[in-house]
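One structure is given below, encoded as structure tokens.
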Amino acid sequence: QVQLVESGGGLVQAGGSLRLSCAASGHTFMSYAMGWFRQAPGKEREFVAVINWTGGVTYYADSVKGRFTISRDIAKNTVYLQMNSLKPEDTAVYFCAAGSTRYAIPTMTSRDFGSWGQGTQVTVSS
């Protein structure tokens, strides 16, 4: 099983940017698609973005499309989420997750992911 540790969260003003990182260890990084989810207070965890095992295929939630970019550095066993033009509604705890397979599809849910990080808080002030 892969272990995941997120970092890079914080407080930012609306319109600003943050880059989240997720370092993976404990298993072959390239065996998994990697995803980002988020959970705001009182809401269910929601899909944000996913990237396949090669980094060549990505999908995004409509709410972040055009503002967020997911990428992975295979040499560093790390996946990133670059977040630009942040909005107050992006405020949430962001979780990194390793998929059950190498492949990414547009309709992925939390049930498609088997390992999770502890989460990192992102707060966007208006």
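Only this structure's heavy atoms are used, side chains among them; waters, hydrogens and symmetry mates stay out. Quick caveat: nothing in here was measured; it's all calculated off a predicted structure.
Here the side chains of E89 and V124 are not in contact, with every heavy-atom distance at 4.5 Å or above. Counting heavy atoms from C-beta outward, R45 and F95 have side chains that approach closer than 4.5 Å. Side-chain contact check for S63 versus R38: some heavy-atom pair is nearer than 4.5 Å. Side chains of V64 and M83 form no contact here, defined as non-hydrogen atoms less than 4.5 Å apart.
Transitive grouping of hydrophobic side chains (ILVMFWY, heavy atoms separated by less than 4.5 Å) keeps F37 and Y60 in distinct clusters. Note on Y94: it clusters hydrophobically with V2, by side-chain heavy-atom contacts below 4.5 Å among ILVMFWY residues. F113 and W53 fall into different hydrophobic clusters, where Ile, Leu, Val, Met, Phe, Trp and Tyr are joined by side-chain heavy atoms under 4.5 Å apart, directly or via other members. Cluster membership for V93 and V122, using ILVMFWY side-chain heavy atoms within less than 4.5 angstrom, is not shared. Placement of Y32 and I105 in two distinct hydrophobic clusters is found when ILVMFWY residues are connected by side-chain heavy-atom separations under 4.5 Å, directly or transitively.
With E6 contributing its side chain and G119 its backbone, the two residues share a donor-acceptor pair below 3.5 Å. Under the 3.5 Å distance criterion, the side-chain polar atoms of T58 are left unmatched by any main-chain donor or acceptor of I51. Q39 contributes no side-chain N or O that, together with a main-chain N or O of A92, makes up a donor-acceptor pair within less than 3.5 Å. In this structure, the side chain of R72 engages the main chain of N52 through a donor-acceptor pair within 3.5 Å.
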**Stepwise side-chain hydrogen bond (donor to acceptor under 3.5 Å, both in side chains) check, D112 with S100** = CA-CA 6 Å; D112 297 310; S100 301; over 6 Å; no
**Prompt:** Between F68 and W36, is a ring pair (Phe, Tyr, Trp, His ring centres under 6.0 Å) present by the stated rule, with each step listed?
**Reply:** CA-CA 11 Å; F68 290 12; W36 286 96; 9.9 Å; no
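Nearest approach of G35 to I70, heavy atoms of both residues: CA-CD1, 4.5 Å. Considering all non-hydrogen atoms of both residues, V79 and S71 come closest at CG2-O, 3.0 Å. When all heavy atoms of Y59 and A104 are compared, the closest pair comes out as CE1-O, 3.4 Å. Shown here for P88 and S126, the closest heavy-atom pair between the two residues is CG-CB, 3.8 Å. Contact between Q82 and N84 at its shortest, heavy atoms only, is NE2-OD1, 2.9 Å.
Between K65 and D62 a salt bridge is recorded (basic side-chain N to carboxylate O distance below 4.0 Å).
Taken from OG1 in T120 to CG in L81, the straight-line distance is 11.0 Å, to the nearest 0.5 Å.
The 12-atom threshold is exceeded at CD of Q118, counting heavy atoms of other residues, nucleotides or ligands nearer than 6.0 Å.
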